S.K.: 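My structure is below; once you've seen it, I'll send some questions.
This one's a predicted model, so the numbers in the text were calculated from it and none came from an experiment.
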Amino acid sequence: MIRLSRSIGPCCFAYSAKEWGLVEKGRSMTSCPCQLCSSHRRLWNLPTSTKMNGLVSRMACLSFILLLLLTAAFARKSQDLHCGACRALVDELEWEISQVDPKKTIQIGSFRINPDGSQSIVEVPYARSEAHLTELLERICENVKDYGEKVNPSTHRKEYVRVISHDGTKMDLSETKFDGDVTSSLKFACESIAEEYEDELIEFFSHEAENVKDRLCSRRTDLCDHALNLPHDEL
């Protein structure tokens, strides 16, 4: 009789053993002392209902873990998208404001004639006026059609950057994804932010301020709360 190792017994190779005559025909395989076969015997000697309950429990546990992983991945993707949309929105608003002639003015106030015959009307710079900002917010998200998606090698987070400059010059496209899916998703997120945070945007852009992306996208709205530790020039 050929001696087999106790770590892997004959019943692990029952089919091949019988075929090659290493095990006597008709001999029981249940006497194998190996750990693998012992575990299998303990499992399959359980009542069917117990085995099924254990299998169902394992499947439910694995499904729950998979759901958690998928949820976390989706949440991270959504956060990167909305953070990128907020930062792009800020950049585009600042650029549009910078293009307005500083001499251009707009009249604000009431056109009603006062008892003394005067009117409460004043002229203010058009740039950063409520009328100007409201008009910008209605169309600003069209600008994100020139943005692409790339992964920051240090943070492994998705970022959204211009692939075409404002003067039409193509930017560096290396490792940047630029297609309809990216721009449509970014535009939708941008429009949602512009609508939901219109008051905050008008508040921040009604006067010149520093670190608007940090203050607005990270601190006021929490859209970029994961980016708070980044230097301001990266925000």
Side-chain angles (χ1 to χ4, degrees), residues 58-98 130 133-166 170-206 209-235:
R58 287 184 180 182
M59 292 299 294
C61 183
L62 291 174
S63 299
F64 181 69
I65 293 174
L66 179 60
L67 178 62
L68 288 178
L69 292 174
L70 291 175
T71 301
F74 178 80
R76 176 166 176 159
K77 180 179 179 181
S78 178
Q79 185 183 49
D80 288 350
L81 175 63
H82 284 80
C83 175
C86 183
R87 292 158 67 174
L89 177 58
V90 170
D91 283 338
E92 294 305 314
L93 284 171
E94 289 180 336
W95 185 84
E96 291 282 354
I97 291 171
S98 70
E130 184 173 350
L133 295 175
T134 300
E135 182 268 330
L136 280 179
L137 290 175
E138 292 177 354
R139 62 175 177 81
I140 195 67
C141 293
E142 295 292 335
N143 294 13
V144 300
K145 69 181 184 300
D146 297 328
Y147 277 71
E149 176 187 276
K150 66 187 305 182
V151 177
N152 186 312
S154 60
T155 64
H156 304 291
R157 306 294 296 246
K158 290 182 178 179
E159 296 179 346
Y160 297 85
V161 296
R162 264 192 168 272
V163 295
I164 302 176
S165 67
H166 288 104
K170 289 187 177 181
M171 313 287 280
D172 181 14
L173 297 179
S174 60
E175 301 181 357
T176 301
K177 182 181 179 182
F178 180 52
D179 57 29
D181 290 339
V182 170
T183 55
S184 61
S185 297
L186 190 62
K187 181 182 177 184
F188 181 78
C190 176
E191 291 172 340
S192 299
I193 295 170
E195 180 179 356
E196 183 176 355
Y197 297 104
E198 180 179 0
D199 293 340
E200 287 83 356
L201 287 162
I202 291 176
E203 174 191 341
F204 274 95
F205 284 96
S206 61
E210 295 182 355
N211 304 325
V212 176
K213 278 186 281 191
D214 186 3
R215 295 169 57 199
L216 176 65
C217 300
S218 295
R219 302 185 187 279
R220 177 65 71 87
T221 65
D222 290 333
L223 293 170
C224 297
D225 58 355
H226 68 280
L228 279 174
N229 293 327
L230 293 178
H232 292 311
D233 58 354
E234 295 185 29
L235 288 167

S.K.: Considering non-hydrogen atoms only, spot the tightest contact between His156 and Pro153 and give its length.
M.R.: CE1-O, 3.4 Å

S.K.: Got a donor-acceptor contact below 3.5 angstrom from the Asn211 side chain to the Asp214 backbone?
M.R.: no

S.K.: Using every non-hydrogen atom in the two residues, find where Ile202 and Leu133 come nearest and quote the distance to one decimal.
M.R.: O-CD1, 3.8 Å

S.K.: Roughly how far, to the nearest 0.5 Å, is CZ of Phe205 from CG of Leu136?
M.R.: 9.5 Å

S.K.: Looking at Ala189 and Leu81, what are the two nearest heavy atoms and their distance?
M.R.: CB-CG, 4.0 Å

S.K.: Within the 4.5 Å heavy-atom criterion, are Leu223 and Tyr197 side-chain neighbours or not?
M.R.: yes

S.K.: With a 4.5 Å limit on heavy-atom distance, are the side chains of Met171 and Ser165 in contact?
M.R.: yes

S.K.: Which pairs with one or both residues in residues 171-194 pass side chain to side chain donor-acceptor pair (under 3.5 Å), sequence neighbours excluded?
M.R.: Glu142-Lys187, Asp172-Ser174

S.K.: Check side-chain contact (heavy atoms from CB on, under 4.5 Å) between Glu138 and all other residues, then give those that pass, not counting sequence neighbours.
M.R.: Thr134

S.K.: Considering only the SG atoms, does Cys83 lie under 2.5 Å from Cys217?
M.R.: no

S.K.: Closest approach of Ile193 and Ala85, non-hydrogen atoms and distance?
M.R.: CD1-CB, 3.9 Å

S.K.: Please name the pair of heavy atoms, one in Val163 and one in Gly148, separated by the smallest distance, quoted to 0.1 Å.
M.R.: CG1-N, 3.7 Å

S.K.: Quick check: do Asn143 and Glu96 have side-chain heavy atoms less than 4.5 Å from each other?
M.R.: yes

S.K.: Nearest 0.5 angstrom please: Leu89 CG to His82 NE2, how far?
M.R.: 12.0 Å

S.K.: Check Tyr147 against Asp91 and note the closest heavy-atom contact, atom names and distance.
M.R.: OH-CB, 4.1 Å

S.K.: Ion pair present between Arg162 and Glu92, side-chain N to carboxylate O less than 4.0 angstrom?
M.R.: yes

S.K.: Is the CD atom of Glu195 crowded by more than 12 outside heavy atoms at less than 6.0 Å?
M.R.: no

S.K.: Using the rule given for disulfide (SG to SG under 2.5 Å), can you reason through Cys86 versus Cys224, listing the C-alpha separation, both sets of side-chain angles and the distance that settles it, and then say yes or no?
M.R.: CA-CA 8 Å; Cys86 183; Cys224 297; 5.5 Å; no

S.K.: Hey, could you give me the CG/CZ distance between Leu216 and Arg87, rounded to the nearest 0.5 Å?
M.R.: 12.0 Å

S.K.: Please indicate whether Glu135 has more than 12 foreign heavy atoms, meaning atoms of other residues, nucleotides or ligands, lying under 6.0 Å from its CD.
M.R.: yes

S.K.: Have a look at Val182 and tell me which of Glu149, Lys158, Lys150, Lys145 forms a side chain to side chain contact (heavy atoms under 4.5 Å, CB included) with it.
M.R.: Glu149

